[in-house]
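Each remark here refers to the structure printed beneath this line.
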Amino acid sequence: MELNRPDQSFDELIRQEMSDFHPTPPEGVWGQIENTIGQNSSIPSSSSGQSLISSVAGKVGIWITAAAISAGSIYFMAKNSHPNISHDSPTVINDSKQSPNTEQLAPADAIQKNMDATETPINKENMAQEKFERKIPSEEKAEPKGSMQQKDVSNEPSISTPIAGVKPEPSQPHQTDHPVASDPKKSSKPIFKEMIEHQIEVNMEHFPEVKFTLTNAHESTINWDFGDGHKQTNGPEIIHNFTNTDTFTTVIKADWSGQENPILLQLPIPSAAKELVPDYFTPNGDHINDVYEIDFKGKKLENFNITITNMKGEIVFSSNQPNFKWDGTRDGNRCSVGQYFMTAQWKEMFKTTPVKLIKPIYLLNQEK
Amino acid sequence: MKVEQEALVRRCLEGDLSSKKKFYERFSPVMFGICLRYLETKEDAQDLLHDGFIHAFQQLHLFRNEGSLEGWLRRIFVNLALERIRKKSISFQESDLTAADHVPSSFKTEEKLEMQHILTGIQQLPPACKTVFNLFVIEGYSHKEIAHMLNISENTSKAQVFRARNHLQNYLKNKR
């Protein structure tokens with residue numbers, strides 16, 4: 001993994017700036033909360049908490065202007081939604097963990113001022129629960145609901161993702177377990193269509209048949225539009241025969257219920273695939289077609305790999321370099337004349353869809 | 001600090017409304033910031049602020065005082081925000097590349113940025129980008145964690161941050 005210092009410092013800058021983003025909440029929200037939680041409150045509220053209001057207001061006062069502006073801009077932006085983009089752009093990003101935000105606690109005296117000095121003992125149930133939970137390395141677990149606190153609340157929000165789950169505290173010992181692993185199957189598909197991953201598979205033996213797969217979608221009825229006048233409803237995997245290669249479009253649409261725009265799959269090498277990837281080569285030392293290679297016309301590729309197998313299915317050559325050259329040997333021994341299969345996978349930079357290309361190739365003694 | 005926090009939590013658990021109000025006043029600005037960063041409109045953000053605190057009060061008995069109360073709340077709000085994003089059908093006007101994705105950014109980080117511009121810049125990111133960027137850069141989740149949370153691959157998470165960064169840098173360049 002390559003370090004990318006400018007990106008890291010940019011991220012750091014953004015994180016620092018935004019760690020102070022504490023806009024003033026809209027008025028009236030507390031009133032609504034109070035209505036909801038206060039109805040069955042057993043202990044009547046005595047103090048108004050006025051002193052705290054002023055101290056908090058003092059702290060956040062400087063952000064009132066910012067919040068007012070931001071509120072306006074949010075609204076504006078909602079009305080003029082930004083053109084979106086979808087592709088998996090290639091990137092090498094350093095995976096190092098970011099340090100979470102620092103705490104922004106209010107002045108201690110502000111809270112203490114209104115604190116009752118008398119210590120109230122925690123009830124035994126809570127203590128037991130605490131002891132139990134301390135043994136669990138991950139953070140607060142979302143427990144089944146049903147304790148006394150919750151009965152008071154009528155319109156509770158439903159959360160399918162566990163609160164548990166999330167970021168380990170900076171103060172806590174490093175934790176290798178994945179924090180959300182406790183409930184990984186809750187959401188079956190990505191929340192944005194543009195995060196659906198897909199693949200195009202072209203087997204040149206069956207060309208112009210092309211197989212399209214949405215690898216992490218779980219929809220059963222997807223409307224496929226192949227751009228050649230043919231539409232079909234199918235699951236996340238479909239094979240389409242572009243009978244007329246003249247109408248071989250480069251963008252295939254996959255869509256299902258929902259208001260989002262369809263997923264676009266880009267065919268990176270339409271009919272040109274035939275010419276791009278040679279059928280044969282002649283490793284006979286005459287400097288003509290002596291090696292097998294693919295000319296990607298200077299296109300930038302990522303995640304490239306190619307394997308060439310013989311008719312028995314044994315791998316005779318493999319590489320992850322797009323500029324690979326196969327000289328027709330296997331472990332220094334010349335391979336026999338005949339048919340081989342190449343399977344190449346790659347993704348073009350700035351293109352959405354990874355491609356898998358399968359093609360029979362021929363090792364010949366001389367030019368055809 | 002810890003003692004006050006414990007006392008505040010305890011008073012809230014006892015049902016003391018004024019303590020709950022203190023609790024709200026203490027934490028609502030930070031949490032509202034989270035709401036605004038993740039959601040599209042101010043109305044949505046306000047709604048989430050309300051629901052998040054209701055939820056927090058319901059779940060407060062599960063909070064262990066050894067951790068940071070604010071950290072605990074942040075996780076609630078982030079999770080609730082993701083929950084909403086998940087439910088909402090987000091309209092993508094265009095799913096293909098825009099010019100912004102190709103422009104290599106020559107952003108100079110020495111320069112001072114205004115928070116308001118950053119905020120607006122984050123808010124105008126495409127929804128998927130924005131969500132991942134928030135989680136990775138500001139909340140500090142790893143790509144692995146984000147991949148799990150959103151059920152995407154780590155590479156997609158990285159790609160989204162990459163795009164978001166490019167968008168944001170280009171946006172901020174024009175604000176100078």
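On a predicted model such as this, the values are computed, not experimentally measured, just so you know. Residue numbering restarts at 1 for every chain, and letters A, B, ... go by the order of the sequence lines.
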Item checked: Check: B:H50 and A:T36 side chains under 4.5 Å, non-hydrogen atoms -> yes
Margin query: Rounded to the nearest 0.5 Å, what separates atom CD in B:E139 from atom CE in A:M18?
Written below: 9.5 Å
Notebook entry, point to check: Is there a donor-acceptor contact under 3.5 Å from the side chain of A:R15 to the main chain of B:V137?
Noted result: yes
Notebook entry, point to check: In Å, rounded to the nearest 0.5 Å, how long is the span from CG of B:L168 to CD1 of A:I14?
Noted result: 4.5 Å
Margin query: Using 0.5 Å steps for rounding, measure from the CG atom of A:D11 to the CD1 atom of B:I138.
Written below: 9.5 Å
Note to self: Do A:P25 and B:Y24 make a side-chain contact, defined as non-hydrogen atoms from C-beta onward lying under 4.5 Å apart?
What the structure shows: yes
Notebook entry, point to check: Would a 4.5 Å heavy-atom cut-off, applied to side chains only, mark A:W30 and B:K20 as touching?
Noted result: yes
Checklist line | Heavy-atom side-chain contact between A:F21 and B:L119 under 4.5 Å | finding: yes
Item checked: Atom pair NE2/CD of B:H117 and A:E17 - distance to nearest 0.5 Å -> 12.0 Å
Next item on the list: Check each atom of B:I122 against the heavy atoms of chain A and say whether the ones under 4.5 Å are side chain, backbone, both or neither.
Entry: side chain
Margin query: Return the CG to CZ distance between A:D7 and B:R165, rounded to the nearest 0.5 Å.
Written below: 3.5 Å
Notebook entry, point to check: So, do B:L172 and A:L13 sit near enough that their side-chain heavy atoms are less than 4.5 Å apart?
Noted result: no
